[in-house]
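In what follows, every heavy atom counts, from backbone to side chain, and hydrogens, waters and symmetry copies are set aside. Quantities reported herein were computed from a predicted structural model and do not represent experimental measurements. So that the names make sense, note that chain A is the first sequence line, chain B the second, and so on, each numbered from 1.
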There are 4 protein chains.
Amino acid sequence: MTLPDGTETPTATLSQLKEALDTVKDGKPEAPSPYTNGVARDQLRAFVERIERLEEEKKAIADDIKGVYSEAKGCGFDTKALRRVIALRKLDPDERAEQEAILDTYLVALGMMPEHG
Amino acid sequence: MTLPDGTETPTATLSQLKEALDTVKDGKPEAPSPYTNGVARDQLRAFVERIERLEEEKKAIADDIKGVYSEAKGCGFDTKALRRVIALRKLDPDERAEQEAILDTYLVALGMMPEHG
Amino acid sequence: MTLPDGTETPTATLSQLKEALDTVKDGKPEAPSPYTNGVARDQLRAFVERIERLEEEKKAIADDIKGVYSEAKGCGFDTKALRRVIALRKLDPDERAEQEAILDTYLVALGMMPEHG
Amino acid sequence: MTLPDGTETPTATLSQLKEALDTVKDGKPEAPSPYTNGVARDQLRAFVERIERLEEEKKAIADDIKGVYSEAKGCGFDTKALRRVIALRKLDPDERAEQEAILDTYLVALGMMPEHG
DNA sequence: ACGTATTTATACTCAC
DNA sequence: GTGAGTATAAATACGT
């Protein structure tokens with residue numbers, strides 16, 4: 001269930017995991033799947049790198065956002081007010097969708113609308 | 001998917017439905033329209049009230065918990081560590097060991113941990 | 001910063017913590033504060049017990065809520081619809097508060113309202 | 001706390017303020033009232049737009065990250081462990097050791113861990 | 001340094 | 001059993 005070496009089951013034991021790890025170490029063994037453990041390790045590294053890369057980008061954008069707030073503050077605007085404006089504008093469409101959704105749900109619950117219509 | 005009393009409410013209008021919803025919401029008892037079903041409506045209102053009552057109680061307890069953490073913090077304890085302690089006590093030891101084993105496997109695969117450490 | 005033995009500082013070191021732990025173990029030492037480490041330990045236990053007790057209560061209530069939803073479902077109501085009703089009723093007051101809050105914030109930001117009025 | 005152009009907007013009414021807010025919200029350019037300040041309003045709108053643009057980008061990247069986790073899961077990796085790996089790599093080792101030390105201290109104090117384990 | 005607010009992570013539920 | 005949506009918990013960030 002953990003390392004994609006083909007032996008994973010929902011009830012994979014710790015010993016199976018350690019075996020898989022040893023497999024990575026020794027480069028030896030029963031690797032019954034098309035994937036070798038070395039491949040699994042490389043896959044793991046690749047995923048980690050991709051995630052970390054994306055998180056960097058995300059952080060950069062978050063910093064940009066903070067910068068905009070700082071700039072606005074420097075222009076005399078109240079940051080808290082600005083945040084409220086942003087939040088409200090985000091909330092409004094969501095809430096409209098919510099209203100429509102609850103209405104639809106009720107129409108279905110009352111048998112007045114086909115469940116997949 | 002009809003109302004629990006078996007009646008199939010016919011083609012009611014949107015506004016009538018909204019009115020029925022408002023009735024639930026505001027707790028106004030009278031909805032004389034032939035399209036609304038009194039029994040179902042009362043049942044619905046009862047369920048809503050019971051749930052809201054329980055959620056209030058739940059919130060009160062949640063606030064109490066926060067209060068205890070605050071008090072602990074005021075006594076010099078590290079809140080974050082406290083939370084981890086509570087969480088660990090909830091986990092059964094096998095499960096916890098399993099999770100740690102998986103984590104270690106990954107850390108070793110990434111060279112973040114000695115293979116026999 | 002961690003154990004309330006009077007020595008805690010924002011820069012408390014690991015060694016200080018271990019020392020405190022040893023203090024608990026040996027029952028010996030320099031405990032310059034009115035609190036002994038035994039007291040700290042007992043405090044810790046007391047906090048943990050209080051929190052766990054409250055969390056049990058909270059869980060019991062959460063289970064009650066689930067029970068009500070189940071009961072409603074048994075009566076033919078759509079659980080999802082019920083949840084939407086509850087959510088909407090909760091949302092409404094919050095959103096009204098949000099509206100007023102943003103307005104107040106703007107009044108302050110525009111200099112038309114005292115900041116603490 | 002006045003608007004950044006120094007003007008002290010006099011006693012505007014609530015409705016005028018709401019109108020100003022709506023102007024920002026809807027992007028309607030004309031607000032001919034003498035009580036609204038065009039420069040400040042345009043600045044405000046520009047800030048809001050920049051922030052919202054950046055938040056969209058941030059959300060897109062967040063979705064990408066979720067996608068990578070999904071992909072990893074599809075390859076048999078344990079998502080939760082992966083997240084912990086990412087988190088651990090972000091922590092500087094000293095800080096991590098410190099946190100673990102505090103946790104261990106508490107665990108020992110509660111008898112959940114041998115004093116020399 | 002604090003409490004609060006936002007964001008993130010985990011657990012649970014339902015439908016497919 | 002997998003995946004999406006929801007709900008709760010935890011962690012972090014922010015302004016005071």
Can you measure [X] atom [atom1] to [N] atom [atom2] for me and round it to whole angstrom units?
| X | N | atom1 | atom2 | result |
| --- | --- | --- | --- | --- |
| C:L91 | F:dT6 | CG | P | 13 Å |
| D:Y69 | E:dA9 | OH | C1' | 10 Å |
| D:R96 | F:dA11 | CZ | P | 15 Å |
| C:E55 | F:dA10 | CD | P | 6 Å |
| B:E71 | E:dC2 | CD | P | 15 Å |
| C:L88 | F:dA7 | CG | P | 13 Å |
| A:R84 | E:dT6 | CZ | P | 8 Å |
| D:D63 | E:dT7 | CG | C1' | 14 Å |

Original post:
Quick one: is D:K80 getting a side-chain N or O under 4.0 Å of the E:dA11 phosphate, OP1 or OP2?
Top reply: yes

Subject >> C:E98 bridged to A:R84 by N-O distance under 4.0 Å >> reply: yes

Original post:
Are the charged groups of B:E100 and B:R96 less than 4.0 angstrom apart, N to O?
Top reply: no

Measure from the side-chain heavy atoms of [X] and tell me the nearest of [options].
| X | options | answer |
| --- | --- | --- |
| A:R83 | F:dA7, F:dC14, F:dA11 | F:dC14 |
| A:T79 | F:dG15, F:dT8, E:dC2 | F:dG15 |
| A:K73 | F:dT16, F:dT6, E:dC2 | F:dT16 |

**OP:** Determine whether C:V48 and C:L44 make a side-chain contact, defined as any pair of heavy atoms from C-beta on separated by less than 4.5 Å.
**Re:** yes

Original post:
Is there a donor-acceptor pair under 3.5 Å between the side chain of B:Y69 and the backbone N or O of B:K80?
Top reply: no

**OP:** Have a look at A:K66 and say if it touches a base, only the backbone sugar-phosphate, or nothing, with a 4.0 Å heavy-atom cut-off.
**Re:** sugar-phosphate

Original post:
Is D:K59 touching bases, backbone alone, or none of the nucleic acid, heavy atoms closer than 4.0 Å?
Top reply: nothing

Original post:
For DNA chain F, whose closest nucleotide is more 5', that of A:E98 or that of B:A87?
Top reply: A:E98

Original post:
Do C:D63 and C:K66 pass the side chain to side chain contact (heavy atoms under 4.5 Å, CB included) test, and can you show the C-alpha distance, the side-chain angles, and the key distance before you say yes or no?
Top reply: CA-CA 5 Å; C:D63 288 343; C:K66 288 206 287 189; 3.8 Å; yes

